[in-house]
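For reference, the structure is listed below as structure tokens.
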Amino acid sequence: MYEMLSRFAQTGGMIYFLLLFAGVLAYALWPRNQEKFDAAARMPLSDKEPNDD
């Protein structure tokens, strides 16, 4: 009984984390988010403060 429950929990956890990983990866690679991530990548090199317009 314990082994069956353990196997079910391990399989369920693996599926959960794979789906979570796939969702985060899709969000990070979605073309619409590229400009936002590029701006965030350039922030450490910028002399301007984020709220300066």
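- Considering only residues two or more places apart in sequence or on other chains, Tyr27 meets the side chain to side chain donor-acceptor pair (under 3.5 Å) condition with Lys36.
- Residues passing the side chain to side chain contact (heavy atoms under 4.5 Å, CB included) test with Ser46, sequence neighbours excluded: Lys48.
- In this structure, the side chain to side chain contact (heavy atoms under 4.5 Å, CB included) partners of Met1, at least two apart in sequence or on a different chain, are Met4, Leu5.
- Hydrophobic side-chain contacts under 4.5 Å tie Leu19 into a cluster, directly or through other members, with Ile15.
- Residue Val24 shares its hydrophobic cluster (ILVMFWY side chains chained together at separations under 4.5 Å) with no other residue.
- Annotation: side chain to side chain contact (heavy atoms under 4.5 Å, CB included) contacts of Leu25 (sequence neighbours excluded): Phe21, Leu29.
- Arg42 pairs by the side chain to side chain contact (heavy atoms under 4.5 Å, CB included) definition with Asp38, Ala39, not counting sequence neighbours.
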